[in-house]
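Side chains are part of it too, since the values below use all heavy atoms of this structure and drop only hydrogens, waters and symmetry mates.
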Amino acid sequence: MTEKKTARSPAAIYQTLETALNPAQREAVIFREGTLLVIAGAGSGKTRTLTYRVAGLVEEGVSPGSILLLTFTRKAAMEMLLRATRLLDDRCGKVSGGTFHSFANSILRQHPREIGFRNGYAVMDRTDAEDLISLIRKEMGFSSKFEAFPTKKTLMDIFSRSTNKCLALQDIVYNEYPHFSSAMESIFRLYREYKARKLLHGFMDYDDLLIYLRDLLKANPNLCERISAAYRYVMVDEYQDTNKIQAEILYLLSMSNKNVMVVGDDSQSIYAFRGANFKNIMDFPVIFPGTKIVRLEENYRSTQPILTLTNEIIDRAAEKYSKRLFTRQKQGNAPLLVDTQDETEQSRFVVDAVRGLNRRGIPMKDIAVLFRAGFHSFNLEIELARENISFIKVGGFKFVESAHIKDVLAHMKLLVHPDDRISWLRALSLVEKIGPQKAQKIYQTLSEDGSGIPGLIDKAYPSVIERHIGGIKRLFLDILGKDLGVWQIGDIIVKYYSPILRQKFDDYPKRMKDLEQLVLIMEQYQDISEFLTDMTLEPPNTAFDNAMAAGRDGEDRLTLSTIHSAKGLEWHTVFIIWALDGKFPSLYALANEEALEEERRLMYVAATRARENLVFIFPKNIYDRNERLVLDQPSRFLADINDGVLKKHCTGYEDSLF
């Protein structure tokens, strides 16, 4: 199912549909007028379907700019448009493609005054938003006033969940953080101040992009009509992961042309904690009456025994679109359910089984161990290290959330947004002998007279400060007024920052390589604002990128991953650990029907990552101290599946697993 890389003539695309696509895929590709819901089962070729549809529309003469393809990562949009270009020609590269957030940013940049930003705005990433909350928190005295008051991270979580779930702040606190209920009034006061500061300083956080776009379209019917009319065909990938605001935006974008196609899998809706609304995909035919539904059920990833099991898991969901995944790969090993005496034996089982597979020629990079929560792999990591088995764990910090990357980007942000208080305080606090208080005073002076970087350069400071601040002055003198590319500016800042890096971090050689990688990324950009926006909206994630690159750099490494981070990926063999009732699903989910259903879908996502071998493992005799319970049963999602579909296996015979 791999597209040829050479361009084809327009007629050739339709001539090959019979052989390139299965009947359901063809039905979705040739659909034109009206609304279409494509229920795309795991591994059913949804990317190929979207790619052919884009190429088909362009081939028919539809203007590429009037086709809007919304995805959840910029990388996904670029990949689809690149494939469409290979199918047809370069016209496909002119299709409007990107994430909801990047699309929102592109529209809002054209209308800053209408949304209350007279001088434009800068987009804060998550850590900058948390830092602003922390500043406000301290200024309002909440750090010391309350014995139990949320941290900056928890406050950001509360604010973000309120926005993405379209729920009142108090509902989020009372339902999800009841232990902070006594501080509700103060949390609300801090939230109002946070919103006011963002407007004052020309900031938006990630969630604001969607809110402002929705409100702009709703408040300006003529503008909404003009924007929606510009897009004759709108397509959305991974629709099950959209939140309520994104669904509203899609509805507003369809006001002129009703040609909307959404692709998704209700069975893979697993991001409620981020605000994803399972009801969006379930209610789509209600919101858009007359919707045609096409089901993609032929799977191109897994063997039939694995699909038979995954069908069993999801068939028992309370609410779903009915579908049965099938494949032409009828033969294969039956999935296994393994019980071990404790967590250590579970880890030993995985180690021995992985070694056995590797001895039989399966590369480590083609094996994964998946788990519901990051801490579930701690014991296994110790065993792997003891056995000198190289592995990489997916689901850690994002590249741009690392302190050294944030330090460099702070200096760059000041060049395009001189009112950025967070970046000023960060950059100035790195200067020797200038702590947070002096940094705040310097910023206040520059802010009051609006002089920005030129003011910093021109002002004469007391000799004790001037002696140390000369370095940052020279840095900006080397940049201002010169015709430099983005990577050249970055290179100058990295050279200035290198001595600071050496003093600040013991592992500076490793961090220096990260900075070198950052400068390489900058080489792809002509505009510094575009670079900084992408670093906020679509930042590279080294954990994910390293997992994808495992084996390409000479290292053949086992992958450990949370299930959420594994979505969209696949391996020859997958081990799912802690498949223990009370851990997966969690005890919390057992008391909440919606949460329990999402965990069922999470199990389904984990199982559908496997191509040929699938193993569930659960340790018995686990004592839960909080609930004072002994957990010893397999996950309820697996417990009553018969032996013909899910084989029971005893430990001690790992070499003969498959």
Side-chain angles (χ1 to χ4, degrees), residues 74 98-136 152 156 159-160 163 193-213 215-216 398-401 403 405-430 439-440 442-444 446-448 450-456 476 479-480 486 489-490 493 518 521-522 525-540:
R74 180 182 172 198
T99 65
F100 272 94
H101 291 83
S102 64
F103 173 73
N105 185 58
S106 68
I107 298 296
L108 295 174
R109 290 288 183 196
Q110 301 170 42
H111 305 279
R113 290 178 177 270
E114 288 96 320
I115 58 175
F117 291 87
R118 303 180 68 84
N119 300 314
Y121 62 87
V123 183
M124 296 187 293
D125 62 19
R126 170 77 185 219
T127 49
D128 280 347
E130 289 178 3
D131 288 345
L132 178 57
I133 288 170
S134 181
L135 280 171
I136 298 168
K152 63 180 182 180
M156 189 68 230
F159 299 165
S160 184
T163 299
E193 184 62 22
Y194 173 61
K195 290 178 69 175
R197 293 284 183 94
K198 286 188 290 183
L199 202 56
L200 176 66
H201 295 295
F203 285 144
M204 275 197 204
D205 62 28
Y206 196 64
D207 299 324
D208 288 333
L209 290 166
L210 299 181
I211 292 289
Y212 276 105
L213 176 60
D215 293 349
L216 175 70
K398 287 183 177 176
F399 187 55
V400 295
E401 290 174 353
I405 303 294
K406 297 283 294 177
D407 289 345
V408 169
L409 292 180
H411 294 83
M412 298 192 81
K413 288 177 181 179
L414 294 176
L415 296 169
V416 294
H417 194 61
D419 296 326
D420 188 337
R421 180 184 182 186
I422 302 297
S423 294
W424 270 116
L425 296 183
R426 188 174 198 108
L428 290 170
S429 295
L430 293 170
Q440 175 64 29
I442 294 171
Y443 163 75
Q444 218 158 358
L446 298 174
S447 177
E448 286 169 1
S451 59
I453 291 175
L456 177 75
F476 288 124
I479 296 172
L480 291 186
V486 178
I489 293 171
I493 294 172
L518 184 67
I521 293 171
M522 293 178 194
Y525 292 86
Q526 302 297 319
D527 180 78
I528 191 170
S529 295
E530 184 186 354
F531 164 72
L532 291 172
T533 298
D534 277 1
M535 287 300 101
T536 302
L537 300 185
E538 197 67 33

Problem - Contact summary for E193 and I136, nearest pair of heavy atoms - result: CG-CG2, 3.6 Å

Problem - Main-chain N/O of Y212 paired with D215 side-chain donor or acceptor, under 3.5 Å - result: no

Practice task
Find out whether D534 and I521 are in side-chain contact, i.e. whether some heavy atom of one side chain is under 4.5 Å from a heavy atom of the other.
Solution key: no

Practice task
Evaluate side chain to side chain contact (heavy atoms under 4.5 Å, CB included) for M535 paired with D125, printing each intermediate quantity in order.
Solution key: CA-CA 8 Å; M535 287 300 101; D125 62 19; over 6 Å; no

Fill in the blank from the handout: For G490 and M522 the tightest heavy-atom approach is CA-SD, 3.5 Å

Practice task
Output yes when a side-chain donor or acceptor of S160 lies under 3.5 Å from a complementary backbone atom of M156, and no otherwise.
Solution key: no

Exercise for the section: Run through D419, D207, D208 and flag the one making a salt bridge (Lys or Arg N to Asp or Glu O under 4.0 Å) with K198. Expected result: D208

Exercise for the section: Using a strict 4.0 Å threshold on nitrogen-to-oxygen distance, state whether K413 and D128 make a salt bridge. Expected result: yes

Problem - Distance (rounded to the nearest 0.5 Å) between L213 CG and H101 NE2 - result: 10.5 Å

Exercise for the section: Answer yes or no: is there a donor N or O on one side and an acceptor on the other, between the side chain of S423 and the main chain of D420, under 3.5 Å? Expected result: no

Handout entry: F476 vs L414, side chain to side chain contact (heavy atoms under 4.5 Å, CB included): CA-CA, chis, key distance, verdict
Key = CA-CA 10 Å; F476 288 124; L414 294 176; 4.2 Å; yes

Practice task
Measure across W424 and P418 and return the closest heavy-atom pair with its distance rounded to 0.1 Å.
Solution key: NE1-O, 2.7 Å

Expected list for residues 114-124: side-chain donor-acceptor pairs under 3.5 angstrom, two or more places apart:
| unit_1 | atom_1 | unit_2 | atom_2 | d |
| --- | --- | --- | --- | --- |
| E114 | OE2 | H111 | ND1 | 3.1 |
| Y121 | OH | N105 | O | 3.4 |
| Y121 | OH | N105 | OD1 | 2.8 |

Practice task
Begin from the C-alpha positions of V416 and F531 and carry the test side chain to side chain contact (heavy atoms under 4.5 Å, CB included) through to its verdict.
Solution key: CA-CA 11 Å; V416 294; F531 164 72; over 6 Å; no

Problem - Taking every non-hydrogen atom, the tightest pair across M412 and I528 - result: CE-CD1, 3.7 Å

Fill in the blank from the handout: Heavy-atom nearest pair, A427 first then H411, reads CB-NE2, 3.6 Å

Practice task
Over 60° means perpendicular and under 30° means parallel, so classify the ring planes of H417 and F203, tilted if in between.
Solution key: tilted

Problem - Residue pair R421 / Q440, side-chain donor-acceptor N/O under 3.5 Å - result: yes

Exercise for the section: Check for a donor-acceptor pair, side chain of Q110 on one end and backbone N or O of S106 on the other, with a separation under 3.5 Å. Expected result: yes

Problem - Intermediate values then yes/no, side chain to side chain contact (heavy atoms under 4.5 Å, CB included), L409 and I493 - result: CA-CA 9 Å; L409 292 180; I493 294 172; over 6 Å; no

Handout entry: Nearest heavy-atom neighbours spanning G452 and L446
Key = O-CD2, 3.7 Å

Problem - T533 side-chain N/O to S529 backbone N/O, donor-acceptor pair under 3.5 Å - result: yes

